[in-house]
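Some notes on the structure that comes next.
Proteins come first, then strands; the chains are lettered A, B, ... in the order of their sequence lines, and each starts at number 1.
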Amino acid sequence: VTKTTQPEAEERFRLLVESVKDYAIFMLDPTGHVSTWNLGAERIKGYTANEIIGKHFSTFYPPADVAEGKCERELEIATREGRFEEEGWRIRKDGSRMWASVTITALFNPDGTLIGFAKVTRDLTERIQTEQRLRELAAETAALAEKARIQEFQERFLAILGHDLRNPLASIDMGTGLLRKRATDPANIRVLERMRASSARMSRMIAQILDLTRTRLGGGLELHPDLMDLQKTISRVVDELGTANPAAQLVVRCSSLSGTWDRDRLEQVFSNLVGNAISHGDPKHPVTIEGSIEGDRVVATVHNEGPPIPEDVQASIFDPFRRGQRDGRSAKTGGLGLGLYISNEIVRAHGGKIELESEEGRGTTFRVTLPRRTPGATR
Amino acid sequence: MTGTSLVHTILVVEDEEELREMLRDALELDGYSVVTADDGRDALEKLDSVSNLCLVILDLLMPVMNGWEFLARARQLPTLASVPVIVHTSASDHAPSGVRVLEKPISYEGLLTVVREYCPT
């Protein structure tokens with residue numbers, strides 16, 4: 001065992017303190033000027049001993065803290081209570097901020113004279129950055145969970161519309177049809193026909209809301225494009241609407257229009273456009289449907305005579321639930337007034353567009369332009 | 001039943017009771033014999049007791065065993081291999097390929113028109 005003298009012990013202790021790298025350990029004189037400096041202080045704060053010894057410790061504080069007397073207050077507390085502790089922002093030599101754990105301990109002579117302060121500072125910036133990142137991650141996780149919850153709700157909503165509402169409707173349809181077949185009394189027949197018309201209307205409305213929901217909430221309208229002849233689809237629509245509206249005059253001028261599209265969806269579009277033209281056009285004039293191939297596109301127009309669509313209505317005619325919706329226009333067709341919105345969405349999903357021209361004396365024309373091949377179609 | 005006329009049997013697989021019974025009424029009034037099942041498994045269990053099976057009308061979205069699973073199993077059964085299946089669904093977007101699909105709600109006339117194609121009276 002080697003006996004250690006007092007000066008030797010002090011020297012060893014000084015070396016020990018100087019070599020500590022993870023903590024800034026240094027002394028302040030009674031007025032707060034730096035009097036010793038260790039490796040840890042150099043590493044954490046960026047100053048060498050030569051640069052900082054003799055400078056006031058307010059150098060390490062944000063200007064706002066210095067201005068409001070924080071440095072003096074800390075020394076006062078340390079003097080009065082023996083020590084001062086806190087976590088707070090400090091400034092490094094390069095101007096960057098660090099979150100530091102700080103302990104200031106007042107040092108007194110045996111006679112009670114203040115000889116200075118020992119200051120130990122630890123850089124906790126990484127810790128609070130980690131905490132901040134954890135908080136952000138937690139917030140992101142919560143947002144994702146909320147998004148998933150909304151998505152689940154939307155899917156449930158779609159399922160209710162698509163399935164749960166249609167089953168009772170199927171039952172009502174079947175029942176009225178069955179009774180209609182057996183009914184002989186004209187009053188009963190009339191009532192049953194009305195019930196059947198109402199049920200058909202509700203069925204159309206459910207289909208429209210379902211489509212609206214798909215376009216607005218879900219992943220958009222899903223197309224099933226296949227090789228088809230649009231002329232045949234238009235003819236079928238015209239036959240059906242002609243049967244349902246025997247007084248309507250429907251003129252089709254169109255040759256074969258082959259392309260790759262979703263047959264059912266385009267049937268929906270032309271059923272909507274021709275149906276509207278019959279409902280809103282002048283019944284003394286025919287509704288004209290024309291189709292032609294123009295290069296790599298097909299153009300089909302649906303035209304009716306009669307008073308034009310007012311300009312303010314034209315501006316928002318493809319919007320869902322547009323202003324003035326519950327006026328005569330949609331009431332007349334007996335739907336929700338979503339038909340044009342959905343038609344436009346269907347055509348857009350095919351990479352095409354619908355344009356409208358409606359002027360006094362020239363009637364109303366809806367012009368559908370479709371690329372002959374739906375973008376992304378496999379065939 | 002006389003020896004000269006054979007009554008066709010139609011199997012209706014539908015979990016919604018009201019619709020299921022309405023389909024039974026509609027088809028029976030048109031002269032068909034009808035067997036109903038609440039789901040795919042119920043339908044498979046009833047198959048052995050059905051004679052003169054002419055057509056299966058199948059819902060897709062059902063508990064216990066859905067229509068897709070029923071169809072997959074039915075295609076492996078010799079008793080069902082030659083029997084046509086019509087899917088009656090509101091989920092026509094997801095209907096299995098190679099089967100005829102009737103979108104709900106189908107009208108009474110629409111249903112009978114299709115059924116008569118497969119099971120002429």
Side-chain angles (χ1 to χ4, degrees), chain A residues 155-183 189 192-193 195-207 209-211 213-214 218-226 240 243-244 262-265 267-268 346 349, chain B residues 10 12-32 34 36-40 57-63 66-68 86-116 121:
Chain A
E155 279 163 12
R156 178 75 195 123
F157 183 66
L158 278 173
I160 290 171
L161 278 174
H163 185 65
D164 301 9
L165 288 184
R166 282 185 182 185
N167 270 339
L169 202 57
S171 177
I172 292 169
D173 263 13
M174 197 63 58
T176 45
L178 200 158
L179 289 175
R180 171 66 188 86
K181 191 191 174 194
R182 298 160 67 83
I189 291 174
L192 286 164
E193 287 297 347
M195 286 169 68
R196 199 143 65 153
S198 292
S199 155
R201 193 155 68 89
M202 187 158 163
S203 175
R204 280 197 301 276
M205 289 195 281
I206 290 173
I209 293 174
L210 195 56
D211 280 344
T213 319
R214 284 190 186 115
L221 290 174
E222 198 179 321
L223 296 182
H224 302 282
D226 210 342
E240 254 178 46
T243 309
D262 186 319
R263 186 182 288 109
D264 291 345
R265 286 303 194 177
E267 190 168 321
Q268 202 179 336
I346 292 170
Chain B
I10 296 168
V12 174
V13 193
E14 167 65 60
D15 63 318
E16 278 228 358
E17 186 186 357
E18 287 164 14
L19 181 55
R20 188 171 66 237
E21 294 310 314
M22 194 64 86
L23 287 165
R24 178 206 290 281
D25 285 343
L27 294 168
E28 282 183 351
L29 280 167
D30 212 51
Y32 295 104
V34 176
T36 59
D38 300 357
D39 56 65
I57 298 176
L58 177 71
D59 185 21
L60 287 180
L61 300 164
M62 292 181 292
N66 62 36
W68 293 275
I86 295 176
V87 164
H88 182 219
T89 183
S90 50
S92 57
D93 289 359
H94 307 289
S97 57
V99 286
R100 184 149 179 192
V101 179
L102 300 181
E103 173 103 66
K104 285 179 181 175
I106 186 171
S107 68
Y108 171 73
E109 294 85 355
L111 174 78
L112 290 184
T113 305
V114 173
V115 168
R116 283 175 196 149
T121 43

Checklist entry - Any chance CD of B:Glu18 has more than 12 other-residue heavy atoms, nucleotides or ligands included, within less than 6.0 Å? => result no
Next on the checklist: Using 0.5 Å steps for rounding, measure from the CG atom of B:Leu29 to the NZ atom of A:Lys181.
Outcome noted: 7.0 Å
Checklist entry - So do the side chains of A:Ser171 and B:Glu21 get within less than 4.5 Å of each other, counting heavy atoms only? => result no
Next on the checklist: Need one label for B:Asp59: side chain, backbone, both or neither, based on atoms under 4.5 Å from any heavy atom in chain A.
Outcome noted: side chain
Checklist entry - How many angstroms lie between NZ in B:Lys104 and CD1 in A:Ile206, if you round to the nearest 0.5 Å? => result 12.5 Å
Checklist entry - Rounded to the nearest 0.5 Å, how far apart are CG of A:Asn167 and CD of B:Glu17? => result 12.5 Å
Checklist entry - Between CD1 of B:Ile106 and CZ of A:Arg166, what distance do you get to the nearest 0.5 Å? => result 12.5 Å
Item to check | Shortest non-hydrogen contact between B:Pro105 and A:Ala170, atoms and distance | outcome: CB-CA, 3.4 Å
Next on the checklist: Looking only at heavy atoms and a cut-off of under 4.5 Å, which of B:Glu14, B:His88, B:Glu16, B:Glu103 has the most pairs with chain A?
Outcome noted: B:Glu16
Next on the checklist: Less than 4.5 Å to any heavy atom of chain B: does that hold for the side chain of A:Arg180, its backbone, both, or neither?
Outcome noted: neither
